[in-house]
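Since the structure comes first, as structure tokens, the remarks are kept for the end.
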Amino acid sequence: MKIAIGNDHAGTNYKVSIVTYLESLGHEVVNCGTNSNDSVDYPDFARLVSKKVNDAEVDLGILLCGTGNGVAMTANKYSKVRAGLAWSKEIAAIIKQHNNANILVIPARFTAEAQVLEMVEIYLNTDFEGGRHQRRVDKISC
Ligand code: RB5
């Protein structure tokens, strides 16, 4: 898969681990995030990933910031983006099963490192269930 990833300074360290992990699985990763721990503005990076997902330039996106909320708020302004905030393996699965999330959002400052790669793996390997969830997803766009 082609996956865009973006982050602010709070997500840089986890981003590096995720990119290494995804590339080891053979995915093509487009790194749209900062590679530094110096303070930056999260919308600048969330926009880069969200536009690529919105324009179908990539299959999926991953975004990280401190709480995950800033990048999620930015991403969900794009009409074709469904960015789901996940802080557990169960939620990482459900945002795909029920919401067909095309961006996984990780709250870097509130997620244990050991859990991050598991969440990414589960998110990528979980399918949208469709059915009643399709009807609901169809009602999300404004
Ligand atoms: C940066 O300090 C922090 O505000 C940002 O990473 C994020 O949590 C915003 O939602």
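Given the structure is predicted, the values throughout are model-derived calculations rather than measurements. In listed order, ligands and their atoms are each counted from 1.
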Short N/O distance, under 3.5 Å, between Gly66 and ligand 1? yes
Counting from 1, what ligand 1 atoms have a heavy atom of Ala10 closer than 4.0 Å? 6 (O)
Ligand 1 atoms nearer than 4.0 angstrom to some heavy atom of Thr67 are 7 (C), 8 (O), 10 (O)
Linking I/L/V/M/F/W/Y whenever any side-chain heavy atoms sit under 4.5 Å apart, do Tyr78 and Val53 land together? yes
Just one of Asp38, Asn7, Asn35, Thr34 clears the side chain to side chain donor-acceptor pair (under 3.5 Å) bar with Thr12, so which one? Asn7
Quick one: does any side-chain atom of Arg82 pair with a main-chain N or O of Asn102 as donor and acceptor, under 3.5 Å? no
Glu57 and its side-chain contact (heavy atoms from CB on, under 4.5 Å) partner, picked from Asp55, Asn54, Asp59: Asp55
Has Tyr14 got a side-chain atom pairing as donor or acceptor with Thr111's backbone, closer than 3.5 angstrom? yes
Looking at Asp8, which atoms of ligand 1 are within less than 4.0 Å of one of its heavy atoms? 1 (C), 5 (C), 6 (O)
With heavy-atom distances below 4.5 Å as the criterion, would you say the side chains of Pro107 and Trp87 are in contact? yes
Under 4.0 Å from one or more heavy atoms of His9, ligand 1 contributes atoms 1 (C), 2 (O)
Please verify whether a non-hydrogen atom of Met73 lies at under 4.0 Å from ligand 1. no
Heavy atoms of the protein only: does one fall short of 4.0 Å from atom 6 (O) of ligand 1? yes
What residue and atom, counting heavy atoms only, is the protein's closest point to atom 2 (O) of ligand 1, and at what distance? Arg109 NH1, 3.3 Å
Protein heavy atom at shortest distance from atom 10 (O) of ligand 1: Gly70 N, 2.9 Å
Could you tell me whether the side chain of Lys96 and the main chain of Ala101 form a donor-acceptor pair under 3.5 Å? no
In terms of atom number and element, which parts of ligand 1 are under 4.0 angstrom from non-hydrogen atoms of Cys65? 6 (O), 7 (C), 8 (O), 9 (C), 10 (O)
